[in-house]
Amino acid sequence: MINWNEIETKWRNKWSESKDFETNPNDKPKKFITVAYPYPNSPQHIGHGRTYTLADVHARFYRMQGYNVLFPMGFHYTGTPVLGMAKRIEKGEKEILDGLRNIYHVPEEDIKTFVEPIKIADYFHEEIKSGMIEMGYSIDWRREFTTIVPGYQKFIEWQITTLKENGRIIQGSHPVGWCPKDQNPVSQHDTMGDVEPKIDDKNFLVKFKFGEFVFPITTLRPETIFGITNLWVNPNTVYKKVTVDHETWIISEECAHKIEFFEKDVSIIGDIPGTELIGKSAVSLHNNAEIPILPADFVEPSMGTGLVMSVPAHAPKDYQALMDLKAKNHEIASKIEPIPIIVTEGYGAIPAKDICEKLGVSDQADSKLEEATKELYLKEFTDGKLNEKCGQFNNEKVQFGRDKVRVWLQENKHLEKFPVLENSPVRCRCGAECVVKILNNQWFLNYGDESWKELARNCFDEMNILPSNIKTEFIEVIDWLHERACARQQGLGTKLPWDKDWIVESLSDSVIYMAYYTISRFVNDGTVQPENLTREFFDYVLLDKGDVALAASTSKLSEDVINTMKKEFQYFYPVDSRHSGRDLVQNHLSFFVLNHVAIFEKKYWPQEIVVNGSVMMDGAKMSKSMGNIIPLRTAIKDHGADPIRLAIISSAELLQDADFNMESVSGIQSKLASLLDECSRLKNEPVSELQAEDRWILSKTQRMISQVTEAVEKMRLREALHDILFSFESDLSWYAKRVEAKERDNVSGILHQINSARVAMLSPFAPHIAEEMWEKLGNNELVSKSSWPAYSKEDVDATSIQSENFLKSTIDDIANILKVTKITPKKIVLYVNSDSAKSKIYRKMLSIMVGGQNNMGVVMKELIADPETADAKKMPDFVQKTIKDLHSESEEIKQMKLESESFDEKEFLKSELFSIGKKEFGVEIQVYSESNSDIYDPKGKARHARPFKPAILIE
RNA sequence: GCGGGAGUCGCCCAGCCUGGUCAAAGGCGUAGGGCUUAGGACCCUAUAUCUCAGGAUUUCGUGGGUUCAAAUCCCACCUCCCGCACCA
């Protein structure tokens with residue numbers, strides 16, 4: 001049994017002694033590999049490990065290919081989650097404390113300090129970092145930073161100022177979920193049950209006049225104002241007269257409390273019962289029509305303003321309420337007829353009537369109305385068209401017309417936004433019910449700007465996206481992205497330089513920070529102090545703006561230091577590969593590109609993005625509530641870092657979700673153990689004369705090298721690993737079979753050569769155990785410092801590949817016959833083709849078919865056209881069968897057959913088939929030429945022989 | 001609604017990018033055999049259908065198309081899953 005941790009510690013120490021991963025500029029070509037830094041509010045689990053492991057493999061691969069690779073790491077402290085955690089811990093909430101104790105095994109004395117948010121981040125920072133070291137990540141730790149250190153904050157101030165000056169930042173109002181008690185915005189982390197407060201900002205308020213008052217009514221469908229027949233008021237509700245800024249509104253009390261958070265001046269000045277409104281009329285502002293006010297029980301004071309506009313032609317509820325009144329012979333209602341304004345295929349003049357009848361709605365209390373409403377709204381939205389009643393909007397499709405009507409009303413001040421909580425009630429952890437608050441003066445990154453989007457598209461066009469099929473998703477994201485708030489009022493982070501009430505939002509301060517890795521080294525070693533990092537300094541170093549004298553005078557640094565830092569930035573930038581999880585495509589990764597193109601010149605735009613899927617645990621999503629989260633460090637202790645690295649990589653290709661399970665881990669462990677065992681037994685002896693199977697396995701090795709290299713270049717790591725560890729195994733076992741049959745004992749040198757290549761290629765994936773194997777193979781240097789095996793075409797022997805193939809297929813054929821006939825062979829005889837006419841035709845056909853032609857008629861014509869092969873017409877049967885043979889062979893094999901000129905089937909079979917045949921079938925195999933005069937051929941099989949397809953006789 | 005992804009031989013799942021070595025890998029299950037006092041573990045064999053000579057037939061959600069050749073490329077359809085923001 002292998003002691004993984006012991007081996008891992010041994011090699012980790014050697015790496016850190018040799019400082020191989022500490023990267024400074026030199027004269028080699030560079031690669032700059034980065035991963036999204038972690039947010040330290042919990043230890044990393046196996047899922048986090050995936051992205052970092054992929055990046056580490058990438059970095060190690062490039063290093064072996066001779067690049068000077070920079071692979072750094074930082075920690076993202078910015079944000080609010082640790083604030084919420086600290087609060088909950090302070091309150092002693094059992095759920096979170098149990099999680100810390102039982103899942104994360106945080107020592108009690110540390111938990112005590114967690115009432116302070118930064119202590120939480122600090123603790124998990126160290127935890128995560130230790131895990132990364134134990135996983136063997138080849139990180140340059142000298143450049144590490146957190147996002148709240150002064151140097152980084154200087155950088156963020158510079159970034160956000162630059163964006164503002166480039167016109168990328170605008171100001172506006174924005175609705176957020178809000179806790180009225182805490183006076184804070186709420187996000188998922190702040191609510192009971194971790195629900196995300198969802199804000200519906202497609203909800204609007206349309207104003208009507210009622211004498212001196214404003215009668216505001218909310219709706220999701222502004223276009224239906226053209227179909228209003230009346231308004232609904234609840235007769236059992238007492239409404240309030242409320243002054244709102246300079247108007248007096250009639251609304252429900254509940255509504256009055258909601259709009260207090262809309263940055264409006266609100267005060268309740270009196271009551272007015274619903275009954276007092278009923279029977280009177282309001283006036284609609286867009287056409288000054290008199291709209292009667294009628295009673296309806298379904299109107300809920302807590303919904304919207306507590307007032308409802310009635311569109312009976314298109315709203316099932318309104319239709320039914322109207323019908324109910326008519327049935328009671330209500331005087332006003334009986335004069336009202338629905339006004340249809342939307343034409344939808346499949347519905348008659350009054351769609352609401354149709355659907356109520358279809359579903360058999362009985363009255364306005366009928367629960368089927370919900371369903372009717374949902375169905376009709378959706379149908380009318382997707383398929384409906386506005387009609388002539390809608391004036392200038394006649395013939396517009398509803399899905400576009402709605403927006404146009406909204407804009408029109410808004411411009412005339414007849415309509416306002418009325419955002420609501422879609423999933424209310426949402427409760428804050430403090431217990432209070434959350435509301436929607438409109439924040440004025442919010443700062444936005446103007447991602448909606450078309451010229452900005454265009455720059456980003458240019459960048460994506462030239463960027464390498466892995467896997468490539470996710471590129472369309474990026475393009476789509478850029479299309480729908482619009483203004484995004486870039487500041488918030490709480491949490492850790494950097495203050496907006498021009499408005500200290502706000503903190504730079506945490507996704508906005510993590511988009512171009514890779515540039516800071518080239519600077520942090522100098523801050524960490526004391527060469528520069530945070531206060532040296534002035535705007536002019538960054539402008540000069542990162543943008544090549546201004547001049548060194550200016551930078552030096554404001555930063556108080558020497559010109560030498562500044563120029564060294566500038567050179568370092570210019571050496572490492574741009575980012576060559578950015579690794580991240582799939583969930584970050586829609587935000588971080590897109591912002592990463594947008595911010596780069598907004599700030600840097602084109603030569604510093606990112607070169608590549610690699611996106612990976614998440615990790616499942618035994619087929620299920622990992623979650624705290626399921627208790628199936630395995631902290632990475634626990635897993636390392638239990639199974640070893642390398643087996644975990646391989647298990648994560650080998651279970652899925654990049655974008656797919658990887659499934660982590662114990663079977664695969666132990667499978668990998670035993671695979672690695674047996675490879676290690678093999679390596680320690682192989683001697684690096686000189687290789688004597690090569691035999692057929694030696695040339696073959698060496699050719700196959702070359703093929704594997706080229707396949708693996710290509711796969712890693714495309715980050716198809718699962719495929720690469722599979723090739724190294726598993727696919728190649730079947731070739732090796734065939735080789736072993738051949739060697740054993742021949743009773744050879746001098747192949748150690750060849751296997752040593754092959755396994756050296758395998759171990760070298762394995763080392764980026766499983767770096768520790770590969771070092772151990774490398775040492776066992778007799779090397780003194782580290783494998784991580786060795787070169788990636790190079791594919792050499794000269795070592796590929798086409799003839800040997802072809803001949804081994806021939807041997808295998810012959811043996812398969814024999815086995816096949818034995819299987820079908822179920823006889824035990826006493827004698828096996830092969831008849832090899834020796835008819836030169838057949839051979840000529842075969843070669844000719846080969847050349848025709850390599851060109852892509854497979855049609856019997858065409859092939860035949862070409863054969864007959866050539867006098868050399870004209871005899872083909874006498875044996876159509878042979879031609880047809882041969883076409884079939886060749887048909888099923890790969891292009892590669894066909895090509896090789898063509899390349900290898902003459903090949904003596906009989907000699908080859910005689911020398912090679914003897915041993916293996918005897919081993920496989922227990923009898924000696926005799927080989928004849930079909931044309932031999934003295935052959936043993938009692939059944940006349942010999943004449944069936946075709947090139948590369950000997951006839952077989954079994955008795 | 002907008003966008004992304006998936007549907008494979010009892011089950012899970014590979015192959016699809018780059019068409020031919022694909023009746024299609026691997027695991028599980030099942031059946032038979034070996035090893036065992038027995039069980040477990042382990043090993044071997046079989047596992048679409050037909051076939052006593054290396055063969056044939058029908059298969060990769062459905063229906064078309066391109067091609068000498070389609071699980072793989074194109075089009076349409078059906079079913080299922082995921083994301084839609086100010087949150088890391």
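A quick note: this is a predicted structure, and the numbers were derived from the prediction, not measured.
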A/Ile952 or A/Leu584: which one's nearest nucleotide on RNA chain B is closer to the 5' end? A/Ile952
A/Arg703 CZ to B/U21 C1', in whole Å, measures 9 Å
Verify, without hydrogens or angle tests, whether A/Lys471 (side chain) and A/Ile465 (backbone) share a donor-acceptor contact under 3.5 angstrom. no
Does the structure show a Watson-Crick or G-U wobble partner for B/A76, both distances under 3.5 Å? Name it, or say none. B/U62
Rounding to an integer number of Å, can you tell me how far A/Glu804 CD sits from B/U21 P? 21 Å
Rounded to the Å, how far apart are A/Gln489 CD and B/C87 P? 11 Å
Mind checking if A/Pro40 touches a base, just sugar-phosphate, or nothing, with heavy atoms under 4.0 Å? nothing
Base-pairing mate for B/A31 - Watson-Crick or G-U, with both contacts under 3.5 Å: B/U45
Could you tell me how far apart A/Asn587 (CG) and B/A88 (C1') are, to the nearest whole angstrom? 8 Å
Of the nucleotides B/U18, B/C2, B/G54, which has the atom closest to the A/Lys949 side chain? B/G54
P atoms of B/A14 and B/A6, separation to the nearest Å: 10 Å
What do the steps show when you test A/Arg488 against A/Glu505 for salt bridge (charged side-chain N to carboxylate O under 4.0 Å, His left out), and what is the final call? CA-CA 6 Å; A/Arg488 53 182 303 159; A/Glu505 185 269 330; 5.8 Å; no
Out of B/U18, B/G4, B/G54, minimum distance to the side chain of A/Glu473 belongs to B/G4
Does the structure show a Watson-Crick or G-U wobble partner for B/G1, both distances under 3.5 Å? Name it, or say none. B/C84
Counting the atoms with a prime plus P, OP1 and OP2 as sugar-phosphate, which does A/His76 contact under 4.0 Å by heavy atoms, base, sugar-phosphate, or nothing? sugar-phosphate
Judged by each residue's nearest nucleotide on RNA chain B, which is more toward the 5′ side, A/Arg484 or A/Arg716? A/Arg716
Can you tell me how far P in B/C11 sits from the matching atom in B/C60, rounded to whole Å? 15 Å
Between B/G4 and B/U62, how many Å separate the two C1' atoms, rounded to a whole number? 23 Å
Any base atoms under 4.0 Å from A/Ile814, or only sugar-phosphate, or nothing? Heavy atoms, all strands. nothing
Send over the distance from A/Tyr447 OH to B/C84 P, rounded to a whole Å. 18 Å
Distance, C1' atom - from B/A88 to B/C78, rounded to whole angstrom: 38 Å
At 4.0 Å (heavy atoms only), tell me whether A/Arg718 reaches a base, stays on the sugar-phosphate, or touches nothing. sugar-phosphate
Compute the centroid of each ring, for A/Tyr39 and then for A/Phe75, and state whether the two points are separated by less than 6.0 Å. no
Counterpart residues, side chain to side chain donor-acceptor pair (under 3.5 Å), relative to A/Tyr77 (two or more places apart): A/Asp122, A/His125
Within the pair A/Arg488 and B/C87, is there a side-chain N or O less than 4.0 Å away from OP1 or OP2? yes
Rounded interatomic separation in angstrom, taking CG from A/Leu481 and P from B/G4: 16 Å
Relative to A/Phe592, does A/Arg578 satisfy both conditions: NZ or CZ under 6.0 angstrom from the six-membered ring centre, and within 45 degrees of the ring's axis? yes
Nearest-Å distance once atom C1' is located in both B/U51 and B/C43: 31 Å
In whole Å, what is the span from the CG atom of A/Asp479 to the P atom of B/G3? 10 Å
When the C1' atoms of B/G19 and B/A70 are considered, how many whole Å apart are they? 6 Å
Please tell me which of the listed nucleotides, B/C86, B/G4, B/C87, lies nearest to the side chain of A/Leu507? B/C87
Does A/Thr80 put a side-chain nitrogen or oxygen below 4.0 Å from OP1 or OP2 of B/A88? yes
When we call it a touch if two heavy atoms are under 4.0 Å apart, what does A/Ile470 touch: a base, just sugar-phosphate, or nothing? nothing
Which nucleotide, if any, forms a Watson-Crick or G-U wobble pair with B/A53, using both distances under 3.5 Å? none
Rounded to the Å, how far apart are A/Arg582 CZ and B/A88 C1'? 18 Å
Residue matched to B/C17 through Watson-Crick or wobble contacts both under 3.5 angstrom: none
With rounding to whole Å, what would you report as the distance between B/G27 and B/A46 at their P atoms? 13 Å
Looking at residues at least two apart in the chain, or sitting in another chain, which of them share a side chain to side chain donor-acceptor pair (under 3.5 Å) with A/Lys404? A/Glu396
Taking A/Tyr37 for its side chain and A/Thr146 for its backbone only, find out whether a donor-acceptor pair lies under 3.5 Å. no
When the C1' atoms of B/C50 and B/U59 are considered, how many whole Å apart are they? 15 Å
